[in-house]
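Worksheet: one structure, shown below.
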There are 2 protein chains.
Amino acid sequence: MNKKQLIAKLSGSLNLSKADAERTFDIITNTILDALKGDDSVKIAGFGTYKVAKRKARVGRNPRTGEQIQIAASQKVKFLPAKALKEVFNK
Amino acid sequence: MNKKQLIAKLSGSLNLSKADAERTFDIITNTILDALKGDDSVKIAGFGTYKVAKRKARVGRNPRTGEQIQIAASQKVKFLPAKALKEVFNK
DNA sequence: AATTGGATATGCAGTATTTGCATATAGAAA
DNA sequence: TTTCTATATGCAAATACTGCATATCCAATT
């Protein structure tokens with residue numbers, strides 16, 4: 001399912017036009033992103049936690065040529081599913 | 001930031017009561033979950049992709065006693081940040 | 001509705017990183 | 001109040017990550 005299809009569903013269940021449903025959805029994701037930029041984590045009970053994880057610089061390898069490569073440190077958004085979410089898929 | 005604080009922010013930016021903002025938010029997360037249950041992945045352009053990842057059974061260990069334990073296969077929701085999302089935190 | 005530019009999936013090798021087990025407790029959230 | 005979540009522990013095994021070409025897929029513009 002892609003964003004367009006998701007918006008179509010939400011349009012129905014939220015009783016909004018597709019344009020409004022998309023606007024609503026975008027506001028929510030942007031709010032989460034902004035929070036991650038400033039704060040460091042966003043916890044949503046029953047769903048999961050978004051966190052910014054710092055990754056150290058390290059040595060990698062180009063699998064095509066085999067040569068070693070220096071990989072810079074970076075940051076990545078991680079999602080940790082809540083307990084309830086795990087149970088849904090493991091009952 | 002926790003869910004309550006997120007809802008409070010959304011209440012303002014969506015111009016909804018807190019109760020309605022929470023209802024809206026819950027409908028969205030539930031819609032995503034339902035899609036994932038149907039074995040799909042949910043791709044949200046510019047944000048990321050939610051996927052159900054299957055994990056194989058393996059041998060684990062009780063860190064308290066040190067004894068080996070057989071761990072059953074399981075499923076887990078994974079979130080893969082979109083390119084745009086990575087760039088926000090690595091520029 | 002169709003085209004196009006951009007984003008993402010795949011496969012590969014080898015190393016780095018993460019995962020997840022049990023369990024109690026502390027702290028936070030509903 | 002009562003439920004949920006983070007933390008901490010050692011360690012084996014699963015998985016992520018890198019460059020890059022190709023194939024596929026999506027989003028946005030015509």
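In what follows, every chain begins at residue 1, and chains take the letters A, B, ... in the order their sequences are listed. For clarity, every value in this text was computed on a predicted model and none was experimentally measured.
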Practice prompt. Using whole Å, report how far CD of B:Gln75 lies from P of D:dA14.
Written response: 17 Å
Item to complete: Could you check how far CD of A:Glu22 sits from P of D:dA28, rounded to whole Å?
Response: 7 Å
Discussion item. From C-beta outward on A:Asn2, which listed nucleotide comes closest to its side chain: D:dG19, D:dA27, D:dT15?
Written reply: D:dA27
Item to complete: May I ask you to say whether A:Arg23 pairs ionically with A:Asp26, meaning some side-chain N is under 4.0 Å from a carboxylate O?
Response: no
Item to complete: Spell out, yes or no, whether B:Ile44 and B:Leu14 are grouped together once hydrophobic residues are joined by side-chain heavy atoms under 4.5 Å, including indirect joins.
Response: yes
Worksheet item: Parallel under 30°, tilted from 30 to 60°, perpendicular over 60°: which one fits the rings of B:Tyr50 and A:Phe79?
Response: perpendicular
Worksheet item: D:dT15 P sits how many Å from A:Arg55 CZ, rounded?
Response: 16 Å
Item to complete: May I ask you to verify if any side-chain N or O of B:Lys76 is less than 4.0 angstrom from the OP1 or OP2 atom of C:dG20?
Response: yes
Discussion item. Could you tell me how far apart B:Arg23 (CZ) and C:dA30 (C1') are, to the nearest whole angstrom?
Written reply: 17 Å
Item to complete: Summarise protein proximity over nucleotides 5-10 of chain D in one line of letters, 5' to 3': B for base, S for sugar-phosphate only, - for none, counting protein heavy atoms closer than 4.0 Å.
Response: SS--BB
Worksheet item: Taking for each residue the nucleotide of DNA chain C bearing the nearest heavy atom, is the 5' side occupied by B:Ser74 or by B:Lys3?
Response: B:Ser74
Worksheet item: Rounded to the nearest Å, what distance is computed from the CD atom of residue B:Glu67 to the P atom of nucleotide C:dA22?
Response: 10 Å
Worksheet, complete the sentence: B:Gln70 CD to C:dA22 P, in whole Å, measures 12 Å
Discussion item. Between P on D:dA14 and NZ on B:Lys78, what's the gap in Å once rounded to a whole number?
Written reply: 16 Å
Item to complete: State whether the side chain of B:Glu22 and the backbone N or O of B:Ala19 hold a donor-acceptor pair below 3.5 Å, judged by distance alone.
Response: no
Worksheet entry | Main-chain N/O of A:Ile7 paired to A:Ser11 side chain as donor or acceptor, under 3.5 Å | no
Worksheet item: To the nearest Å, how far apart are B:Arg58 CZ and C:dC21 P?
Response: 7 Å
Item to complete: Would you please name every residue forming a side chain to side chain contact (heavy atoms under 4.5 Å, CB included) with B:Lys76, sequence neighbours left out?
Response: A:Pro81, B:Arg55
Discussion item. Measuring from atom CZ of A:Arg58 to atom CD of A:Gln70, what distance do you get when rounded to the nearest 0.5 angstrom?
Written reply: 9.5 Å
Worksheet, complete the sentence: Here the gap from B:Asp34 atom CG to B:Ile27 atom CD1, rounded to the nearest 0.5 Å, amounts to 11.5 Å
Item to complete: Return the angle between end axes of the helix from C:dA1-D:dT30 to C:dA30-D:dT1, with five pairs used per end and rounding to 10°.
Response: 150°
Discussion item. Within a 6.0 Å radius of atom NZ on B:Lys3, are there more than 12 heavy atoms belonging to other residues, nucleotides or ligands?
Written reply: yes
